[in-house]
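Have a look at the structure below before the remarks.
This is a predicted model, so every value here is computed, not measured.
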Amino acid sequence: MSQLQPAARLRERLGVFTTISSTAVRTVLLLTAGVANAVVAVWLAIQPPAVAYEGSIYAAYPASLWAVFLAGLTAAVLLVVRSIVSGGTDWRYGVAFCCSLYVLFHLLPVFRGWAMYGRGGADALTHIGVAKSIMQTGAIPAGDWYPVVHVLIAGLAGFGVRLGAITSVLSAVFTPLYIVSMFLLGRRLLGSRRAGLAVLICSVPLLYAEFNHSLHPAIFSFLLLPAVLAVFIGAYNSSRTVPYAIVLALFGLTVLLFHPVTTVYLAGMLAVSLVVRAAYSLFTDLDLRYSGEAAVALGLAVGWFAWFLQFAQIQRFARRVIESSIGNGGGGGTAGGGGTASTGGSETGSIAAEMFARVQGIDSLEKLATGFLTAYGPQFIVALLGMVAIVVTVGWYWSTGEFSISDSWLTAQFGAGVVVTLVGIFFYVVSSDPIRNARYMILFGTLLAGLLVYRSLSGRLPWPSLNGRAVQVVLVALVLSTAGLAAMTSYNDNYHLTHAEETGTEWYYDNRATEPVGVAADVSYKMREYTEGGDYGTARLRPFGGESSTVPKRFGYGTHDSVGTAVDGYETYIVTKPYDTTVPNFLDPSVRDEFTAYYESDRQRLSTDQSADRVYANGGYTIWYVDPD
C-alpha cells in the first residue's frame, strides 16, 4: 500500500502553532501535564472511599479536581500537537501523561471503594460469574462461546485483582492500548510519524462512551482491531512473511474467541480492503500485489462458522435476529452461552423508532440539543470531521490529480461503517445501542479526522484560504473539546453496585425458600451468576409492578391497607435498599414518578407493617418476608 509523503518545511507553514516550539511553552505544557497527573493521583489516594450509595462518579469529586484533570489532558494533547509542528519527541511525554490520566480516570470506581461499576449492564455480572466458575473448576465451561475475556478475568483474579475491580482494571488497560495502536495504524497507513500523531490526538476522546468503562467483550475486542490492522499493513510492506503470518494468526484466533461480532467486523474490513485495492489497480498503474486479506478473511469466516455455530444459543439467536430484521420488529434479546454472555441489546424495535419516540417526548429544543450533545456529541463531531476529510480528499484530487490508495482505503472503510451504522439504526441486528452499532464508523472516522488535522497543520488543504491559522485553531480546539466532553459524559449515573447489595443478594440466594417470589428494584437477574458463579435458574428478583411480580409499586399502599393484601395470596420476599429512593432524584421531574418503585415514606410504612417481617439487614440492603393475609 503506497504511503503519504510528509510535507516539507512544516514549521514555515504552521501559522499560529509555530509559537508552540518555544522553550517557554514546552515547559508550561510539561509542568501542567505532570503536575495535573500528580495532583489527581494524590487526590484520589487520600480521599476516603464512599460510605453510602453514590449516584454519580462525577458528583463524588469537586469541580476543582475535574478542572485539574481536564487541564492535564489538554496539556498532554498539546504536547503531541507540538511534535506534529516541530518534529520533536515531546509527543512521548504527551502520550505518557495522557495514558496515565486515563488509567486514573478508569480506576475511579476502585478509588471510591465500589463493589463494582455496573449493575448488570453489558452482562458484566455474568462474565465475572463465568470467571468464578473457571477458577473453581479449572476448566472453561462447555457453553462458553467466547472464552478469552473469562480466562483473562480469571487470570487477573489469580494475580490478586479483586473480581469486582476487574471491569475498571481492564478499561484502564485497553484504552491506552487503543490510543497507542491508533498511532501505529495511522503511521503505517499514512506513512508519517506526524500523521500518526495526528490520528493519535483524535483517538484521545473516549468515543465509545459508556462502553469504555464496561466489562464488554464486544468493545474490548474491537479496541484490538487497530493493532491487528497495523500488523496487517506492516506485513503488506515487509518481506518478512513468516513472522507476520504467525502474529496475524495469533491475532485472528484471539479475536475469534473474544467476540463473534468483532470477528465479523474484522473479516468485513479485510474484504473491503481487498475490493478497494482491486478497484484502485484498475484505474491506476499500480499492480494488485498479493496480500493476506483474502486468506485471513476466509480463515476468520471458516473459523466463525466452525466455532460459533456449534452452540445452540448462537443458532437460536441468529434465527431471532433474522426474523426480527425481516419484520423490522422487536427481537434479538441476549444470547448467553450457558449463561455466559450477551451479544447485547434488548427486546426492542429499531433504534430509529425508539429515538423518534424519545424525541416526541421532549418539550423544548434546548433539551433536545443538550440531550443529543451529551449522548452523541463526541461521536457526531468525529463523524463530521471524517466527512470533511473526504471532501478535502476529493478537493485535493480535483486540484492536483492525486488520490492515493490510503485515501481510497479510508474513504471506502468509512463508507462501509456508515452503511453498517444505518442498518443498525433501522433494523435490529445485534444491539439496540447506537454507539455500539456505530463503532466501525467511529474507528475510521477517527482515522479520517486525524488525516484532516495532519493535512491542515501541514498546509495541504486543497483550498489556499483554508490553510490558515483559523482552521488550525478550530480543528485542534474541536479535538480538545471533544476529549473533554467525552470524558465528562462517559460514566453512567446510577451504576454503583455497593458491597451491601453484593452481600445481601448473596445471602438471599443462599437462604431463600423455594416457594416465595422475590421482588426488588433494579437487581439484575444475573446477580445469581455473579455471587455464586453458576446459573441463575428461576430465582430471579422481579421488578415492582412487573407482569411476573407479586408486589405493585409503592408496595400497593395506594390501594391496599397492608402489603399482605397487596401480594394477592403469594408468599413474597421484598428487597429494599438506598438505591431505590436515591436514583429518582437524578431523573428529570417529568419522568421521576414513572421510574420510582417506592418513596421513603412507603419504606417507613413497610417497616411498621405487621404483614412484613424483616429477615435480613446489613445497613444497605434489607430483605422482608411477606406472609399473605
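- Taking the centre of each ring, Y178 and Y208 come in below the 6.0 Å mark.
- Between P260 and the options W145, W307, F311, a side-chain contact (heavy atoms from CB on, under 4.5 Å) holds for only W145.
- L163 CG to L125 CG: the interatomic distance, rounded to the nearest 0.5 Å, is 11.5 Å.
- Smallest separation of non-hydrogen atoms from V479 and I201: CG1-O, 3.3 Å.
- Between Q379 and A375, the shortest heavy-atom distance links the atoms OE1-O, 3.6 Å.
- Looking only at side-chain heavy atoms (C-beta outward), L448 and L385 stay at 4.5 Å or farther from each other.
- The ring pair (Phe, Tyr, Trp, His ring centres under 6.0 Å) search around F232 returns none, not counting sequence neighbours.
- Remark: the backbone N or O of L452 is not paired with any side-chain donor or acceptor of S456 at under 3.5 angstrom.
- Under the side chain to side chain contact (heavy atoms under 4.5 Å, CB included) criterion, L298 pairs with V302, sequence neighbours left out.
- In this structure, the ring pair (Phe, Tyr, Trp, His ring centres under 6.0 Å) partners of Y58, at least two apart in sequence or on a different chain, are W66.
- In this structure, S181 and P226 approach most closely via the heavy-atom pair CB-CB, 3.8 Å.
- Listed by chain and residue number, A521, F544 satisfy the side chain to side chain contact (heavy atoms under 4.5 Å, CB included) test with A597 (two or more places apart in sequence, or in another chain).
- Under the side-chain hydrogen bond (donor to acceptor under 3.5 Å, both in side chains) criterion, S171 pairs with no residue, sequence neighbours left out.
- For the side-chain hydrogen bond (donor to acceptor under 3.5 Å, both in side chains) condition, no pair includes a residue of residues 475-484, sequence neighbours left out.
- Residues passing the side chain to side chain contact (heavy atoms under 4.5 Å, CB included) test with N494, sequence neighbours excluded: Y53, Y579, V583, F586.
- Two residues are said to be in side-chain contact when any heavy atoms from C-beta on lie closer than 4.5 Å; M441 and V420 fail this criterion.
- With sequence neighbours left out, F69 forms a ring pair (Phe, Tyr, Trp, His ring centres under 6.0 Å) with F105.
- Distance alone, capped at 3.5 Å, places no donor-acceptor pair between the T411 side chain and the S408 backbone.
- The nearest pair of heavy atoms linking P378 to L485 is CD-CD2, 3.7 Å.
- A donor-acceptor contact shorter than 3.5 Å links the side chain of S221 to the backbone of A218.
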### Task
Check step by step if side-chain contact (heavy atoms from CB on, under 4.5 Å) holds for I381 and L478.
CA-CA 8 Å; I381 292 172; L478 273 176; 4.2 Å; yes
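- Across all their heavy atoms, E594 and K553 have their closest contact at O-NZ, 2.6 Å.
- Take V275 and apply the side chain to side chain contact (heavy atoms under 4.5 Å, CB included) test, not counting sequence neighbours, and it matches no residue.
- Of the possible polar contacts, one joining the R439 side chain to the R436 backbone as a donor-acceptor pair under 3.5 Å is found.
- With sequence neighbours excluded, no residue forms a salt bridge (Lys or Arg N to Asp or Glu O under 4.0 Å) with E210.
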Distance-only criterion, 3.5 Å: show the donor-acceptor pairs between side-chain atoms of residues 263-272 and protein atoms not counting sequence neighbours.
| unit_1 | atom_1 | unit_2 | atom_2 | d |
| --- | --- | --- | --- | --- |
| T263 | OG1 | V255 | O | 3.2 |
| T263 | OG1 | H259 | O | 2.9 |

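- Scored by the ring pair (Phe, Tyr, Trp, His ring centres under 6.0 Å) test, F183 finds W91 as partners (sequence neighbours excluded).
- Contact between W114 and A50 at its shortest, heavy atoms only, is NE1-CB, 4.2 Å.
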